Amino acid sequence: MAITKKRMRYILDTLQEMFPDAQCELTHSNAFELTIAVLLSAQCTDKKVNEVTKDLFKKYKSPWDYLNVPLEELEHDIKRIGLYRNKAKNIRKLCESLIENYGGEVPRTHEQLVELAGVGRKTANVVVSNAFGVPAIAVDTHVERVSKRLGIARWKDSVLEVEKSLQHLIPKDEWTITHHRLIFFGRYHCTARNPKCSECPLLDICREGQKRVKVAN
DNA sequence: ATCCCGAGGG
DNA sequence: CCCTCTGGAT
């Protein structure tokens with residue numbers, strides 16, 4: 001493992017102080033809406049997703065609603081989000097599968113979720129943890145970047161390897177909240193471009209940050 | 001490894 | 001202009 005549990009505890013405590021109230025920022029009122037929102041969120045800011053789903057969720061309430069309009073109409077309704085053709089197609093396949101296999105409901109297990117069209121490991125983790133209360137650590141672009149910068153994972157590690165490292169280092173009952181805090185940390189502080197290293201509480205244990213601060217001076 | 005793909009920020 | 005955004009399928 002790249003770092004010790006003792007160091008991880010220090011990181012967890014610091015993140016708790018920085019973002020005590022971190023939570024899912026995708027607007028949703030049930031598991032189905034959350035699944036659609038996460039599917040739409042690929043390579044897109046959640047802010048933009050919320051703008052689109054505000055109207056989308058008024059128009060489409062159930063899997064059947066998404067199948068009752070032409071594909072072009074659904075594409076139009078999510079067009080402001082990137083990758084809209086693939087996403088529209090995946091939403092349709094997802095809805096067909098929900099109707100065919102689960103009576104139109106979203107299944108509750110990770111194994112069932114990843115079998116759905118357009119739903120991968122990351123999306124399944126978000127759904128089970130946020131909608132069904134199952135501990136999970138979804139590794140997205142933020143969690144991956146932050147974990148590697150802090151030395152929680154190695155630069156060459158795959159997304160799955162990053163997830164395993166986090167699971168090993170973090171107590172299970174803290175997986176979900178830590179996932180959200182890592183997201184907030186990556187989104188608002190340890191950003192992809194111009195991270196705020198010089199004012200970071202974790203600078204003392206962050207090699208990457210120390211390197212960046214030194215280069216800047 | 002590549003493609004999808006609009007929109008906002010620096 | 002270029003980079004990035006709660007990825008997944010091929």
Side-chain angles (χ1 to χ4, degrees), chain A residues 15 19 21-28 31 33-56 71-72 74-98 110-132 134-149 152-153 155-163 166-167 170 175-197 212 216:
Chain A
L15 288 174
F19 308 104
D21 303 317
Q23 57 181 322
C24 180
E25 294 201 307
L26 290 170
T27 305
H28 65 281
E33 287 188 357
L34 177 61
T35 306
I36 299 290
V38 179
L39 194 156
L40 291 173
S41 73
Q43 301 296 99
C44 177
T45 60
D46 62 337
K47 187 181 171 189
K48 180 65 63 181
V49 173
N50 290 335
E51 286 174 21
V52 169
T53 56
K54 186 181 179 187
D55 294 325
L56 194 75
L71 181 59
E72 294 73 29
L74 179 55
E75 288 182 346
H76 171 265
D77 290 337
I78 65 170
K79 191 142 196 166
R80 287 185 296 151
I81 298 187
L83 316 180
Y84 65 93
R85 279 198 285 262
N86 283 339
K87 288 176 182 176
K89 222 176 294 176
N90 284 142
I91 288 174
R92 301 266 289 219
K93 285 194 216 163
L94 169 69
C95 290
E96 287 170 3
S97 179
L98 291 181
H110 184 96
E111 296 73 38
Q112 292 170 314
L113 284 164
V114 292
E115 291 301 315
L116 299 168
V119 177
R121 190 174 181 82
K122 182 259 176 180
T123 301
N125 278 331
V126 172
V127 172
V128 295
S129 61
N130 285 287
F132 301 131
V134 178
I137 304 175
V139 178
D140 64 358
T141 179
H142 295 303
V143 175
E144 180 178 9
R145 179 183 66 252
V146 166
S147 297
K148 290 181 176 180
R149 281 183 179 164
I152 296 168
W155 288 103
K156 56 187 275 191
D157 283 351
S158 67
V159 173
L160 184 57
E161 288 171 324
V162 174
E163 184 180 336
L166 289 165
Q167 287 179 337
I170 302 170
W175 283 6
T176 300
I177 182 63
T178 301
H179 157 72
H180 288 126
R181 288 185 179 136
L182 288 171
I183 297 279
F184 273 53
F185 182 60
R187 183 179 294 160
Y188 303 116
H189 196 94
C190 191
T191 47
R193 279 182 297 177
N194 307 322
K196 300 170 180 156
C197 300
R212 286 171 179 272

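Bear in mind the structure is a predicted one, so any value in this text is a computation, not a measurement. Here is how names work: the chains are called A, B, and so on, in the same order as the sequence lines, proteins then strands, and each is numbered from 1. Values below: every heavy atom of this structure, side chains too, minus hydrogens, waters and symmetry copies.
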Is any side-chain N or O of A:His142 closer than 4.0 Å to OP1 or OP2 of C:dC5? yes
Measure the distance from NZ on A:Lys87 to P on B:dC5 and round it to the nearest whole Å. 10 Å
Interatomic distance where NZ belongs to A:Lys89 and C1' belongs to B:dC4 [whole Å]: 10 Å
Both A:Val126 and A:Lys93 contact DNA chain C. Taking the nearest nucleotide for each, which residue is further toward the 5' end? A:Val126
Contact class for A:Ala192 vs. all strands (heavy atom < 4.0 Å): base, sugar-phosphate, or nothing? sugar-phosphate
Taking 4.0 Å as the cut-off, does a side-chain nitrogen or oxygen of A:Lys48 come that near to OP1 or OP2 on B:dG8? yes
Which part of the nucleic acid, if any, lies within contact of A:Thr191, taking any heavy atom under 4.0 Å across all strands shown: a base, the sugar-phosphate backbone alone, or nothing? nothing
Carboxylate-amine/guanidinium proximity below 4.0 Å for A:Lys148 and A:Glu144: yes
What integer distance in Å separates A:Leu94:CG from C:dG8:P? 12 Å
Roughly, in whole Å, what's the span from NZ in A:Lys122 to C1' in C:dC5? 10 Å
So, are A:Glu51 and A:Lys48 salt-bridged, with charged N and O less than 4.0 Å apart? yes
Atom-pair distance (CG on A:Leu83; C1' on C:dG8), nearest Å: 10 Å
Name the closest nucleotide to the A:Asn86 side chain, picking from B:dC4, B:dA7, B:dG10. B:dC4
On a heavy-atom basis, which atom in A:Lys93 and which in A:Ala117 lie closest, and how many Å separate them? CB-CB, 3.3 Å
Applying side-chain contact (heavy atoms from CB on, under 4.5 Å), run through A:Ile183 and A:Glu25 and close with a yes or a no. CA-CA 10 Å; A:Ile183 297 279; A:Glu25 294 201 307; over 6 Å; no
Over 60° means perpendicular and under 30° means parallel, so tell me whether A:Phe19 and A:Phe184 are parallel, tilted or perpendicular. perpendicular
From the set C:dG7, C:dT4, B:dC5, return the single nucleotide nearest to any side-chain atom of A:Asp140. C:dG7
How many angstroms lie between CG in A:Leu39 and CD1 in A:Ile78, if you round to the nearest 0.5 Å? 8.5 Å
Between atom CG in A:Leu26 and atom P in C:dC5, what is the gap in whole Å? 15 Å
Both A:Asp46 and A:Val119 contact DNA chain C. Taking the nearest nucleotide for each, which residue is further toward the 5' end? A:Asp46
Please state whether the phosphate of C:dC5, meaning OP1 or OP2, lies under 4.0 angstrom from any side-chain nitrogen or oxygen of A:Thr141. yes
Which one, C:dC5, C:dG8, B:dA7, comes nearest to the side chain of A:Thr45? C:dC5
Tell me: CG of A:Leu116 to C1' of C:dG8, nearest whole Å? 13 Å
Starting the side chain at C-beta, find the nucleotide from C:dG7, C:dT6, C:dT4 nearest to A:Ile183. C:dT6
Looking only at atom P, what distance separates B:dG8 and C:dG8, rounded to whole Å? 24 Å
Could you check how far OH of A:Tyr188 sits from P of B:dG9, rounded to whole Å? 13 Å
Say you pick atom P in B:dA1 and the same atom in C:dT6; how far apart are they, in whole Å? 24 Å
Short side-chain N/O contact to C:dT6 OP1/OP2 from A:Arg187, under 4.0 Å: yes
Take A:Asn194 and A:Lys79, find for each the nucleotide of DNA chain B with the closest heavy atom, and name the residue whose nucleotide sits nearer the 5' end. A:Lys79
Would you state whether a donor and an acceptor, one from the side chain of A:Arg193 and one from the base of C:dC3, lie under 3.5 Å apart? yes
